[in-house]
Amino acid sequence: MTQVKTRFAPSPTGRMHVGNLRTALYAYLIAKHENGTFMLRIEDTDQERFVPGAVDIIYRTLEKTGLKHDEGPDKDGGVGPYVQSERQASGIYLKYAKELIEKGEAYYCFCTKERLESLRTTTGGKEIVVYDKHCLHLSKEEIQANLDAGIPYVIRQNVPNEGTTKFVDEIYGEIEVPNAELDDMILIKSDGFPTYNFANVVDDHTMGITHVVRGNEYLSSAPKYNRLYEAFGWEVPVYIHCPLITDEHHAKLSKRSGHSSFEDLLDQGFLTEAIVNYVALLGWCPTDNREIFSLEELVKEFDYHHMSKSPAVFDIQKLRWMNGEYIKAMDFDTFFEEAEPWIRRAVSKDLDLKKIAAMVKTRIEIFPDIPEMIDFFEEVPEYDIAIYRNKKSKSTEETSLKVLQDMLPVLEKQDLFTSEALFEQIRLYCEANGLKNGFVIWPLRIAVSGKAVTPAGATEIMEVIGKEETLIRIRKGIEKLS
RNA sequence: GGCUCCUUGGUCAAGUGGUUAAGACACCGCCCUUUCACGGCGGUAACAUGGGUUCAAAUCCCGUAGGAGUCACCA
């Protein structure tokens, strides 16, 4: 059995789309699961769309996510170059295209943009262009004359109008398409560069790719590829088309969703490991239904035969949950290092940030959740006294006022401001007055935080802000309630 | 519009002829006698539809509907 070799072949056009990232991940996992080779190839045949710096994004993303390639522009594996513009410079694509012309599987086309434009029709609200094979019928002499005259040309694939072409995909099975549906796609553009479709076939073959892993959006063009492989007499690789990733409206995930790229997600505060983990589960599921996986564990468990066919909605809510799981699993020091700048955004006072960090660690899903959750440590926000009312502890504005008035002198006398000591004082007060803890603690917590929801209990908050500030806040609470 | 693919709860999904149709997120409830949260326990909720085949169908076949993808000198 030959060794598995997969590739990730992105175009340097900007941010890393999550669909792309998942394709890269699956390609990596399929190779590594079999101890195979994972290759990186840069597809920069579109000079217009090329974005400077985008190649760096690709390297950085692979590095950050741990999808280390064994071969690529920076790691020669003997089948380079690994950048298509460099391969194009070597003349490889033109050479193979001419071979196809010899075999009658391709032909020169000199049609102008205007003529092509005239072929454009609108159907079902969509504009489509179906080439009419106009140039297929040019004579040898006409072609030569055009070439000699320097008329710009493209090279097109020649697909017959009759019959069908079939191919086999590992996930979707056998798919058969009528040839009449297959357009005579352009192989070589007028600028001499190959199109994606053609470069892919030539490169995947010459670079020894055994398993072609790509997005479902290429499913319908796969038959054209097969014709090319067959025309060349090359062995067809194993096709693995990944199901589409969609937004909540079930349409292809686009920039409009706000989280269509890996960088978007990082910007929003998601952890790399969580993103990789989540994305792995979009279209694949292990037999035991486990959900939390490190990359190494994924390599071990991933079996592409368990991939699903149907498109998957990218659920940011579930990603948030998963991110929270990763945060909870972090060791405290690492967590604190990450969390401190976020805490600092809300708290400038000299408080025990580690205590605040500990409160927040199990309660956030992403780091940017922090500031809003702890802003009251800095300053009590304006609040409606209605929040003193609580059905369960039977608190009202009136009972709360009474509790605060009673507790104020107790706290004024209290010097040891630890959560335990404070709780003990409260307990004694409750005991003496026959009250439930919650009845007393509820108003204290509100007075001291100004919030109905806090990441910690009243006494913990008091410990952090200290005696002086606690008393100020309680007096202010009494004032508000009076 | 042609072609292709897809269709299990709101979402991710297990399931490959016989199951009380798993699990997770979200939602809801209860408990944790310090709220919310965390944690624990529990609950609501699904095989798009119509025909077959079969003793038996979410699973196989055909049709219908719905959704998506694609139809560039973009990848």
Side-chain angles (χ1 to χ4, degrees), chain A residues 9-11 13 20 43-46 48-49 109 111 113 116 120-130 152-156 169 172-173 175-178 180-183 185-191 193-197 199-200 214-223 241 243-244 246 248 250-252 278 281-291 306 308-322 324 328 359-364 373 390 392-393 395 419 423 426-427 436-446 451-460:
Chain A
S11 292
T13 55
N20 241 241
E43 309 224 332
D44 59 345
T45 57
D46 186 348
E48 288 182 21
R49 286 219 303 165
C109 172
C111 288
K113 276 227 151 58
L116 259 23
R120 185 177 295 273
T121 55
T122 304
T123 169
K126 297 231 172 177
E127 288 199 334
I128 61 169
V129 178
V130 181
Y153 67 89
V154 301
I155 297 177
R156 286 182 184 273
D169 178 84
Y172 293 93
I175 295 173
E176 189 171 0
V177 177
E181 288 299 320
L182 271 21
D183 199 33
M185 68 175 175
I186 291 174
L187 270 18
I188 301 287
K189 300 185 268 190
S190 57
D191 63 4
F193 276 83
T195 55
Y196 162 84
N197 303 284
N200 244 262
R214 24 133 73 161
N216 174 295
E217 62 267 35
Y218 302 113
L219 202 56
S220 46
S221 55
H241 285 92
L244 209 66
T246 75
E248 57 274 35
H250 302 278
K252 212 171 159 181
Y278 176 66
L281 262 30
L282 242 31
W284 172 79
C285 182
T287 42
D288 64 356
N289 204 42
R290 182 147 74 104
E291 301 211 277
H306 282 90
S308 68
K309 301 174 175 184
S310 40
V313 172
F314 188 96
D315 183 4
I316 197 92
Q317 191 67 52
K318 182 137 189 183
L319 209 210
R320 286 185 62 99
W321 165 79
M322 192 171 277
K328 282 175 210 159
M359 289 174 181
V360 121
K361 186 167 184 276
T362 57
R363 294 160 221 259
I364 56 168
M373 193 178 273
N390 180 269
K392 202 169 161 195
S393 70
S395 294
S419 182
F423 186 71
I426 292 168
R427 203 184 57 77
K436 297 198 91 178
N437 287 342
F439 183 78
V440 175
I441 285 174
W442 178 267
L444 285 172
R445 205 186 104 257
I446 303 288
K451 290 195 167 193
V453 178
T454 54
T459 58
E460 294 166 275

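Protein chains get the first letters and strands the later ones, always in sequence-line order, with residue 1 at the start of each.
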What interatomic distance, in whole Å, is found between [atom1] of [M] and the corresponding atom of [N]?
{"N": "B:G1", "M": "B:G10", "atom1": "C1'", "answer": "32 Å"}
{"N": "B:U33", "M": "B:U44", "atom1": "C1'", "answer": "29 Å"}
{"N": "B:A24", "M": "B:A45", "atom1": "C1'", "answer": "15 Å"}

Any side-chain donor near an acceptor of the partner, A:R49 and A:S11, under 3.5 Å: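 There is no such pair between these side chains.
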What string of B, S and - do you get for [range] 5' to 3' if you count protein non-hydrogen atoms under 4.0 Å?
{"range": "nucleotides 62-69 of chain B", "answer": "------SS"}
{"range": "nucleotides 16-26 of chain B", "answer": "------BBBSS"}
{"range": "nucleotides 34-45 of chain B", "answer": "BBBBSS------"}

Any residue meeting salt bridge (charged side-chain N to carboxylate O under 4.0 Å, His left out) with A:R427, in chain and number order, not counting sequence neighbours: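 So A:R427 forms a salt bridge (charged side-chain N to carboxylate O under 4.0 Å, His left out) with A:E424, A:E431.
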For A:F314, all residues meeting ring pair (Phe, Tyr, Trp, His ring centres under 6.0 Å), sequence neighbours excluded: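 Here the qualifying residues are A:H259, A:Y278.
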Dot-bracket pairing map - RNA chain B, Watson-Crick plus G-U, both contacts under 3.5 Å, | cross-strand: ((((((((.[[[..)..(....]]].(((((.......)))))....[[[[[..)....]]]]])))))))....
Given RNA chain B, 5'-ward residue of the pair A:S221 and A:Y278, judged by closest heavy atom: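 Per heavy-atom nearest nucleotide, the more 5' residue is A:Y278.
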Atom-to-atom span, CG of A:D191 to C1' of B:A72 - whole angstrom: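 Between C1' of B:A72 and CG of A:D191: 14 Å.
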